[in-house]
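Predicted model, so just to flag it, every value in this text is computed and none were measured. Every number for a ligand or one of its atoms is a count from 1 in the order of the listing.
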Amino acid sequence: MKAHYDDIAGQYAAYANASPTRRAELRTMQHMAGDVTGRSVLDLACGFGFYGRAMLLAGAASAHGVDQSPEMVALGRRVSASAGDAMTFQASDFLQLAPVREYDLAVAAFLFNYAQSLDELARMAAAAFEHVRAGGRIAVETMNPDYCLANGDCSKYGVRVLDDVPWQQGAKMEMEFPGDPPARITVFRWAREHYEHAFAQAGFTDLVWQAPCLLEQDRLAQPAGYWDDLLRNGLAAWFSCTKP
Ligand SMILES: C[S@@+](CC[C@H](N)C(=O)[O-])C[C@H]1O[C@@H](n2cnc3c(N)ncnc32)[C@H](O)[C@@H]1O
């Protein structure tokens with residue numbers, strides 16, 4: 001079956017590679033991941049492999065990306081072939097992924113915001129748990145539970161939020177990536193306690209929310225005040241937790 005991102009794989013990669021927030025997002029994921037030297041990494045909803053590839057560059061022993069979009073996976077393979085890195089890829093809904101291996105670290109950037117209900121969020125957290133070894137961790141980037149459209153649509157950071165309406169116990173958001181025409185996606189925003197509950201129910205412990213890791217170099221690279229909106233009302237939030 002054709003996956004939504006199949007039509008916009010290249011457009012998403014172009015946006016992500018040009019995004020002014022991407023370096024800080026990566027730094028935040030790396031901060032949560034800690035020292036990855038020699039670690040095995042599973043990149044859930046890997047897209048074109050941005051995070052898994054970065055973990056390899058940081059010294060991980062292996063990085064395996066899983067994405068339900070065959071076009072995204074094909075793009076990831078092309079990027080890795082041209083970069084000469086050893087990231088491996090698999091086109092699959094991660095909920096269907098057989099637990100053939102337990103990884104030291106799972107990273108999941110913008111995956112759990114596709115849960116359309118709290119039941120689905122719980123199923124997704126439980127599925128992720130199966131792929132992490134005891135003592136391993138998962139680092140997650142997802143939609144900021146505190147985001148409020150009335151306080152800004154985030155377009156200066158690349159993605160424009162078009163709509164944000166109540167949905168079950170959370171919110172449903174319509175957003176677009178730049179391009180001609182812009183690419184529309186729908187995501188779901190859940191509260192902090194929803195994530196905390198789903199991941200605890202799955203068996204994860206020690207869930208810690210992480211603020212974006214902005215450095216002096218980020219501030220110097222942009223006009224004064226550029227990052228204020230990101231800190232006040234950014235689109236993303238991060239957390240990590242452990243499989244005991
Ligand atoms: C916004 S992209 C993020 C890609 C990558 N993590 C990044 O940050 O560059 C979201 C990705 O999630 C994938 N995705 C959504 N639900 C999925 C699922 N159940 N299993 C695997 N991939 C999924 C989509 O195909 C898409 O490539």
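At the shortest separation from atom 10 (C) of ligand 1 among protein heavy atoms lies F110 O, 3.6 Å. Protein heavy atom at the shortest distance from atom 3 (C) of ligand 1 is Y12 OH, 3.4 Å. Of the protein's heavy atoms, F94 N, 2.9 Å lies nearest to atom 20 (N) of ligand 1. The protein atom (non-hydrogen) at minimum distance from atom 22 (N) of ligand 1 is Q68 N, 3.1 Å. The protein heavy atom nearest to atom 19 (N) of ligand 1 is D93 OD1, 3.0 Å.
A salt bridge links D164 with R189: the distance from a Lys NZ or Arg NE/NH1/NH2 to an Asp or Glu carboxylate oxygen falls below 4.0 Å.
With a 6.0 Å cutoff to the six-membered ring centre and a 45° limit on the axis angle, R192 counts as a cation-pi contact of W209. Relative to the six-membered ring of Y51, R53 misses at least one condition, a distance below 6.0 Å or an angle of at most 45° to the axis. Both the sub-6.0 Å distance and the 45° axial angle are not jointly satisfied by K243 relative to the ring of F204.
Residue Q90 places every heavy atom at 4.0 Å or more from ligand 1. Within the 4.0 Å heavy-atom shell around ligand 1 one does not find G49. Remark: distances from the non-hydrogen atoms of D67 to ligand 1 include one below 4.0 Å. Contact analysis puts C46 in contact with ligand 1, with a non-hydrogen atom separation below 4.0 angstrom.
Taking the six-membered ring where tryptophan is involved, the planes of Y12 and Y15 are tilted, since the angle between them lies from 30° to 60°.
Using a 4.0 Å cut-off to heavy atoms of Y51, the atoms of ligand 1 that qualify are 8 (O). For ligand 1, the atoms closer than 4.0 angstrom to any heavy atom of S69 are 25 (O). Every atom of ligand 1 is numbered from 1 in the order shown, and the set under 4.0 Å from a heavy atom of M72 is 27 (O).
Between T142 and Y195, the side chains place a donor N or O and an acceptor N or O closer than 3.5 Å (distance only, hydrogens not considered).
Here Q168 pairs with nothing under the side-chain hydrogen bond (donor to acceptor under 3.5 Å, both in side chains) rule; sequence neighbours left out.
When heavy-atom distances to ligand 1 are checked against a 4.0 Å cut-off, R22 comes that close only through its side chain, counted from C-beta outward. Looking at A9 against ligand 1, nothing comes within 4.0 Å, counting heavy atoms. Here Y5 has side-chain heavy atoms under 4.0 Å from ligand 1, and that is the only part of it that gets that close. Under 4.0 Å from ligand 1, the heavy atoms of L111 that appear belong solely to its side chain. Heavy atoms from both the backbone and the side chain of A45 come within less than 4.0 Å of ligand 1.
Inter-residue side-chain proximity for M55 and L105 is flagged as met; some heavy-atom pair is nearer than 4.5 Å. Residues F112 and F199 have side chains in contact (heavy-atom distance under 4.5 Å, counting atoms from C-beta outward).
The shortest N or O to N or O distance between V66 and ligand 1 is not under 3.5 Å.
Closest heavy-atom contact between D104 and S40: OD2-N, 2.8 Å. Across F89 and C46, no two heavy atoms sit closer than the pair CD2-SG, 3.9 Å.
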